[in-house]
Structures are given as C-alpha cells and as structure tokens.
Amino acid sequence: MGFENIVFYVFAGIMVFSALMVITVKNPVQAALFLVLTFFSCAAIWMLLEAEFLAIALVLVYVGAVMVLFLFVVMMLDINVARMRAAFMQYLPIGIAVLVTMAVMMFMVVNQIHIDAPGRAAANYNNTRELGLVLYTVYVYPFEIAAVILLVAIIAAIALTLRRRPNTKHQNPDLQIAVKRDDRIRMVKMDTEEKK
Amino acid sequence: MEWLNTSIDWLTLLFQEWVVVYFQMLPEALQTVILIVLKIVVIMVPLMLSVAYLTLAERKVIGSMQIRMGPNRVGFFGYSLAGFGQPIADAVKLMFKEIIIPTGANKYLFLTAPLLSLGPALAAWAVLPFGEGIVLAEVNAALLYVLALTSVGVYGVIIAGWSSNSKYALLGTMRSAAQIVSYEIAMGFALVGVLMAAGSLNLGEIVNAQRGDYGIVSWFFLPLFPLFVIYFISGVAETNRAPFDVAEGESEIVAGFHVDYSGMAFAVFFLAEYANMILIAALTSLMFLGGWLSIFPASWIALVADIPVLSWVVGDGIHWFFAKMSFFLLLFLWFRATFPRYRYDQIMRLGWKVFIPITIVWLLLVGVFVIQGWFGLGAA
C-alpha cells in the first residue's frame, strides 16, 4: 500500500503543479506543454486505478493528437497574452461554476454518497475487453450516435476549410504518370546541313 | 580440470551464499525494483549497441550497394577489423563536442527535446515480447501503449524546433511534424486491422494468433498484405528516413528541426532515429511476420525435434525474431540507397489520399474475414 500511495502523491503533485502552471505561465507554448504534462500525470493516476485502457487512450488522443495540433496553432499564431488576461474577470463566473461542480462531485465520490467505491479487479481482468463489451451492448445507441456526431463534425470541419481557389498551382499526379513520350518530345527529321 | 570445477563450485556457492541471501534481506518492493531495473538493463544495453552498430551497418551496406568500401579504418588495438570501431569513435567524438545553445533559446526545453524523442522509442520496448513469455511487462493493452508512445515521439521534434528560437528550425519542425502526424493515422489504422485479426491487444497473443500448422503461410502478412506494406512504409515515414527524409534534406535545407543542435544533443536525435528504426522493424515482425515463430511448418519442426542443434535452429525461438528484424532493418538501409527523396506534396498525397483510403477499405474486408471465421476467432 505504501508504494502505491507514494506513486499517487508524486503524480498528483505533478498534476496540480502543472495545472497551475498552465494558467499562470506567460508563454502560450509553455502553457500548452504544461497541459501535456498534466495529461501525462493524469494518465499515470488512471493507470493506478487499473483503468489502463482509459489511461492509454488519454495519452493517445489528447497528448498524441489534440495537443500536437494545439501546439501547431499556438506556435504559428502571435498570441497577445495581455489581451487574454483582460478577459479574466469576464470568464471568472464560469470558472467558479465548474469549480463548484467538480468540488461537489469529488465530495460525493470521496464520501461515497450515491457512488460506491469500485472494488479491486481480479488479476486477469481485461479493462479493454470489459469496456468494449459494455459499449457495444448496453450503451450501443449512445455510442453509435456519438460516432455519427463525430463524423458530421469531421465533414463540417473539412467543408469549412475547403476553399476552391481557381488559380492555385498544383500538380495532378494522374496526368503526370499518364504522360507518354509523344506528349513531350517531337522527333524532327531533317537533312544534314552543309557548311557554306 | 579439477581446480576449474572446484573454483566454479566455489563461485556458485559464493553467489548463492552472499548475493542471494543479501538480496532476500532487502524489502520486497526494493527487490521488485532491482529485478525490473536489471531486466531493463538486459534489454537496453544490446539495444543501444544495436543502435550504434546500425549506423556502421548503414554505411557499410550503402557503401557496398554503391561499390565503395564504407568506413574501414577505425578498429581496436591497431587492427582495423573492417571499421568495427567506427561507432565507438563517433560516439566519443560527439561526446566531447560542445553543445551550443542558441541565443534566446529556451534552454530547458532545448535540452529536453532530444530526450523526448529518444524516450518513447526506448520505453516502447517494455511491452515487446522477444519469445514465448519473454517480456518485461505483460500488458493487455500493449498495442495501444505502443501506439500512444509512438505518437508522443513527435513532441521531441516540435519542442526542438520551437525552443531553438530560429525560424528555419521552426519551419523544419512544421514540415516533419505534419508528416509524422499524417502517417500516424495510416499506421494506427493498419494496427486496428492487426488487432481485429488477432482479437487481442496483447503483443504476445497477437504473435500466438499467427501460429498455424503451415508456418509462414499462417502469418498475418498474407491476409493483411496491404496493411503490412502500408504499416512498414508509414514506419519509414514516421522515422523520417529516406525517401521521406524532408526533415533531413541535406541537399537543400541541411536538416530541419535539429539544425541548431550540436554535440551530444544532436547525437541523441540521431540515436532516436535509429532506435525508432529498430522499434518499427521489431513491431512489423511481431505483428505481421509472427515474431519468434519459425517459418517452417509444424510437421517439419516435429521431424527434426530429436536432432540437437537443428531442432533449435528450425523450431520457434528468439533467433527468428532477430532475423526478421534484421530483414526490415536491411530494407530501411536499402530504401535509402535506392530511392530519390519524395517531394513534400507527394509525401502528403501518399499519406492522406492513398494510404488512409486503402487501410479503411481493407479494414472492412478484415471485418468480413473475422465474421467468416477465417482467423479462427469465430463469428463471436
């Protein structure tokens, strides 16, 4: 038990620290990198809770994909931090609302009000398999609806960014491959000329 | 001979009496940690040596493909040994070079970036099985873990380019990070095909799902052939190797994201590239070429089961895994000696418009195969 506690407190400490750094650090790229660190330590804590599938999915989806694209955008944009700071008071009520909700939920979980603490799983318990079974049986409709919503979002994102500009220069590989010798060179037969 | 036997006896006794007894006196958690660290060392030391000698192999192989000698001067103790000491000399040279940190660079991130690109390439080895049950961590979601770690490797590239405080490095970062992210998708889809065929995310179970009575014919590379080819080519693109090495591009841009790195910091990027190559080779052989399984049919293995050396060579074992890995590593080097570099738009077109549609179509087919029960899983 001692070792698990140490691991938990180390990662929880890193997580709280890096989450604080996300909102206090001045440089937006550094803030994004601290968010990555937060996700990592969160994944480690989930791993400790034997939710290995969720932990790895967190790293795969958020760290490996979402944050990479986020960093791309943040690096390319020249973000004015001072102007973003000015909106702090405007967003404060929303932040407080989220904070209160989270605190209430944590209180319920810790004191086990309406929520039972999960027991230890058996050694051969396969987290991925159990999740898959539940998702494709009990929750199959919500799951499929979520998938369709995501698909619509993908298509919408592509449609929003798709601009047909008439005068861009781009190559058509099919035409390039289909080229024959006669399209490019013309053989000319002519007599040798004599020096005059 | 008598004294040799007695001294060996004495040494084993010493080992049992002292090392084992003292080891058991330690607290149990510490024992576990020490054993795991020892296992990590047993995996890492040969891996780093392979990385070092892969650089020599690359120069030798490309040299002989271009009818040159390759490096043949540095050896040990005055013997040149066909250039066998070259990697050691390179490493020593790079270690003693100065690490120059550019003006205005973010020092911590600048020095962390090489580690972030090497770390995932090494950490993925934790779940790779070398033989039946020979694995550091038997993880059920091993395939996802590998996928997650390879997707984290791109941070080394991004942070290196950004922290160098140089627009050239940043542009190089954009090029290679966009390439890595694009090919990751095709790679992920190829892996989905593998896990559908094997019915498991555990790499050991994936290898065992490829076990059949007819040896090589039962492996996944035949039913999943397009995924196999796409996975390996995407692996070449992921590691920024020729013909996808626009990040390196020595003839036009002289390295992209690590243009400002020197000395050992640069060498770590170099090590990461080669460690990633070995990782991709190992993963491809595990997932498509049956890992440690023998190419011979089970009946042949049974035929020679009583012959001492031959049965070991013909039967399943770690040597098959290494042989398959070596084959893929040779392919990496061969590609570099053969193909001209892709243009950037060609790279993007191949990833997005060719590979991803093919993998999606083949995934549907794999679904049909699974329902038909062709992978021995049944319709369930």
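Computed from a predicted model, the values in this text were never measured in an experiment. In what follows, chains are A, B, ... by sequence order, proteins preceding strands, each numbered from 1.
With a 6.0 Å radius and a threshold of 12 heavy atoms from other residues, nucleotides or ligands, A/Phe11 has its CZ atom at or below the threshold. For A/Tyr62, the OH atom is loosely surrounded, since the number of other residues' heavy atoms within 6.0 Å does not exceed 12. Other residues, nucleotides and ligands contribute only 12 or fewer heavy atoms inside 6.0 Å of the CZ atom of A/Phe70. Heavy-atom neighbours of B/Glu28 CD from other residues, nucleotides or ligands within 6.0 Å: at or below the threshold of 12. Open room surrounds CE on A/Met105; 12 or fewer heavy atoms of other groups in view lie less than 6.0 Å from it. Counting heavy-atom neighbours within 6.0 Å of B/Phe189 CZ, excluding the residue itself, gives a total of 12 or less. Around atom OH of A/Tyr139, no more than 12 heavy atoms belonging to other residues, nucleotides or ligands sit under 6.0 Å away. Sparse packing is recorded around OH of B/Tyr342, with 12 or fewer heavy atoms of other residues, nucleotides or ligands lying under 6.0 Å away.
For B/Leu144, the parts lying near chain A are the backbone and the side chain together; criterion is any non-hydrogen pair under 4.5 Å. With a threshold of 4.5 angstrom between heavy atoms, A/Leu58 does not approach chain B through any atom at all. Neither the backbone nor the side chain of B/Asn202 comes within less than 4.5 Å of any heavy atom of chain A. In this structure, no portion of A/Val61 lies under 4.5 Å from any heavy atom of chain B. Both the backbone and the side chain of A/Met67 come within contact range of chain B, judged by heavy atoms closer than 4.5 Å. At a 4.5 Å heavy-atom cutoff, the contact between B/Glu184 and chain A is made by side-chain atoms alone. Interface residue B/Leu109: only side-chain heavy atoms are found under 4.5 Å from chain A. Contact of B/Leu170 with chain A is made through the side chain alone, with heavy-atom distances under 4.5 Å.
You'll find the side chain of A/Leu71 reaches within 4.5 Å of the side chain of B/Tyr155, heavy atoms only. Using a 4.5 Å cut-off on side-chain heavy atoms (C-beta onward), B/Asn140 and A/Arg129 make no contact. Using a 4.5 Å heavy-atom cutoff, the side chains of A/Leu60 and B/Tyr145 are not in contact. Using a 4.5 Å cut-off on side-chain heavy atoms (C-beta onward), A/Met75 and B/Ile158 make contact.
If you take CH2 on B/Trp162 and CE on A/Met76, they are separated by 14.0 Å, rounding to the nearest 0.5 Å. A distance of 7.5 Å separates CG in B/Leu201 from CZ in A/Phe53, rounded to the nearest 0.5 Å. Atom CD1 of A/Ile56 is separated from atom CG of B/Leu147 by 10.0 Å, given to the nearest 0.5 angstrom.
Ranking B/Ala141, B/Ala177, B/Ser163, B/Ser151 against chain A, the residue ahead of the rest is B/Ser151, based on heavy-atom pairs under 4.5 Å. Among A/Thr128, A/Val29, A/Val59, the residue with the largest count of heavy-atom pairs under 4.5 Å with chain B is A/Val29.
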